[in-house]
Amino acid sequence: MKLLVTGGLGFIGSHTVVELVEAGHEVVILDNLSNSRIEVLDNLEKIIGFKPKFYKADLMNIAEVRAIFEENEFDGVIHFAGLKAVGESVEKPLEYYENNIGGSINLLYCMRDHGVKKIVFSSSACVYGVPEQNPITEDSPSNQVTNPYGRTKFFIEEILKDCAIADPTMKITILRYFNPVGAHHTGLIGEDPNGIPNNLMPFIQRVADGRSDKLKIFGNDYPTPDGTCIRDFIHVVDLAKGHVKAIEKIEDKTLRIVNLGTGKGTSVLELVDTFNKVNGDLVKYEFAPKRAGDVPANFANPERAKTELDWEAHLTIEDMCRDAWNFTKNTDKK
């Protein structure tokens, strides 16, 4: 298939581009570089052997998006592009609603106008909010969101559901994933956010390479075995392969919602200790007060992904820590 990947130079998008190409698909990337770097395009070339077709464009500019659809005949879209910092979304809700929802609507208009019927949407487990129980299934309440970023994901899901009702020939898969970490085994692409990181692993990496002195672990008296929050960490390469499975099996169902996770909870402290065990004692940490809104535990029930997409996670926490540090070391040498 010829696929448009929005946000294709970002952390998850770039890894998905690699897996799509290796599975035999043709990929066109759209990215506005607001939270990614153009150098990723060169590194993708080193991994896959050629430079993917790339458009520097913004989904908020519908004229730019239309031009891309007029120049290409796409079989489907994988939609990653969007603002994604939870804390920033609380401070700037209007910008998040405008960008994430408005950009997605522009994309859907262009798809409709050019007869593109297949879309895989990058959603998030944050739509579940504070889960009533673990592991979380796709039937768990998904309107319990606690921040504007998560609400944009929820609202886009609802828009996609309405599109499926309006046009039953649409094929839509919504992927709700948990906590992506790690990097490509080559060390050429990984998570390297602009500005202050929003996720745990980039903070760990910054302490490991000396950019920060200590890692702050927020809270150590949660009702968990070691007192720190439990999350479902998934290797970004496993996650990327889930997107390949999703687009290849998209014809099976008009609307499909699937969790992508390992089904295993790992505490923040376990992740840090594993990083130190695998890579050497590089990360010093201290405990800090709990943050408002942090959920004690959340992890996926990935059974639907296994039965409907023939997908499951294979890479371990050790792999995630090793690959993340390999990417950090490789980046520092550039």
Side-chain angles (χ1 to χ4, degrees), residues 11-12 79-80 82-104 120-162 172-181 197-201 203 217-225 227-234 239 242 255-268 270-271 288-305 313:
F11 175 43
I12 303 168
H79 178 30
F80 294 103
L83 300 174
K84 62 173 190 175
V86 170
E88 184 183 59
S89 78
V90 175
E91 298 167 4
K92 300 178 179 179
L94 294 179
E95 286 82 353
Y96 269 69
Y97 290 127
E98 179 182 41
N99 184 85
N100 291 5
I101 298 173
S104 297
V120 173
F121 174 56
S122 162
S123 191
S124 168
C126 70
V127 299
Y128 297 118
V130 180
E132 295 177 354
Q133 61 182 24
N134 282 296
I136 301 168
T137 72
E138 292 84 355
D139 298 320
S140 300
S142 61
N143 59 350
Q144 311 295 310
V145 196
T146 58
N147 58 75
Y149 161 71
R151 271 188 283 277
T152 68
K153 293 294 189 183
F154 171 73
F155 289 143
I156 295 166
E157 286 192 10
E158 294 300 297
I159 291 166
L160 288 168
K161 291 174 187 176
D162 287 337
I172 297 167
T173 295
I174 294 166
L175 299 179
R176 294 174 178 162
Y177 34 84
F178 282 68
N179 296 77
V181 296
N198 303 299
N199 300 322
L200 174 62
M201 185 59 86
F203 277 114
I217 297 178
F218 297 99
N220 63 343
D221 60 350
Y222 285 98
T224 61
T228 65
C229 290
I230 288 175
R231 296 291 181 264
D232 190 338
F233 297 102
I234 177 173
L239 186 64
L255 176 67
R256 173 184 276 134
I257 299 173
V258 183
N259 287 337
L260 291 185
T262 66
K264 179 181 182 297
T266 300
S267 77
V268 170
E270 284 178 311
L271 183 68
K290 292 178 181 177
R291 296 181 300 188
D294 275 347
V295 178
N298 108 344
F299 53 94
N301 179 335
E303 191 58 32
R304 183 179 293 181

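Just so you know, these numbers come straight off a predicted model, no measurement behind them.
Checked by atom type and distance alone, the side chain of Y96 pairs as donor or acceptor with a backbone atom of A85 at under 3.5 Å. In terms of modelled atom types and a separation under 3.5 Å, the side chain of D232 and the main chain of T262 share a donor-acceptor contact. In this structure, R304 contributes its side chain and I257 its backbone to a donor-acceptor pair below 3.5 Å. The backbone N or O of P135 sits nowhere less than 3.5 Å from a side-chain atom of N301 that would complete a donor-acceptor pair. A donor-acceptor contact shorter than 3.5 Å links the side chain of K153 to the backbone of S122.
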### Task
Just do the side-chain hydrogen bond (donor to acceptor under 3.5 Å, both in side chains) check on E88 and Y149 with the steps written out, would you?
CA-CA 8 Å; E88 184 183 59; Y149 161 71; over 6 Å; no

### Query
Stepwise, does the side chain to side chain contact (heavy atoms under 4.5 Å, CB included) test hold for T228 with Y222?
CA-CA 6 Å; T228 65; Y222 285 98; 5.7 Å; no

### Task
Kindly indicate, with the supporting measurements, whether the criterion side chain to side chain contact (heavy atoms under 4.5 Å, CB included) is fulfilled by R176 and E157.
CA-CA 10 Å; R176 294 174 178 162; E157 286 192 10; 2.7 Å; yes

### Task
Mind running side-chain hydrogen bond (donor to acceptor under 3.5 Å, both in side chains) on Y128 and N259 for me, showing each step along the way?
CA-CA 11 Å; Y128 297 118; N259 287 337; 2.7 Å; yes

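Nearest approach of I156 to S104, heavy atoms of both residues: CD1-OG, 3.4 Å. Here the shortest heavy-atom pairing between I136 and N134 reads CG1-OD1, 3.6 Å. What you find for I12 and P180 is that their closest heavy atoms are CD1-CG, 3.8 Å. Taking each heavy atom of E132 and P141 in turn, the nearest pair found is OE2-CG, 3.8 Å. For the residue pair V127 and S123, the shortest heavy atom distance occurs at CG1-OG, 4.0 Å. The shortest heavy-atom contact between C229 and D294 is SG-CB, 4.4 Å.
For the atom pair CZ of R151 and CD of E158, the computed distance is 13.5 Å after rounding to the nearest 0.5 Å. Distance check: I234 CD1 to T266 OG1 gives 11.5 Å after rounding to the nearest 0.5 Å. The CD1 atom of I159 sits 10.5 Å away from atom CZ of F154, with the distance rounded to the nearest 0.5 Å. The distance from the CZ atom of F233 to the CD atom of E270 is 9.5 Å, given to the nearest 0.5 Å.
Contact annotation: the side chain of S267 never approaches that of T224 to less than 4.5 Å [non-hydrogen atoms, C-beta and beyond]. At a threshold of 4.5 Å between non-hydrogen side-chain atoms, the residues P131 and V295 count as touching. Between N298 and F178 there is a side-chain heavy-atom pair separated by less than 4.5 Å. Counting heavy atoms from C-beta on, the side chains of P296 and I230 never come closer than 4.5 Å. Within the 4.5 Å cutoff, the side chain of N199 has no heavy atoms near those of the M201 side chain.
Here the options are I174, L175, I172, the test is side chain to side chain contact (heavy atoms under 4.5 Å, CB included), and the partner is V120; only L175 passes.
Between F121 and H79, the angle of the ring planes lies from 30° to 60°, which puts this pair in the tilted group.
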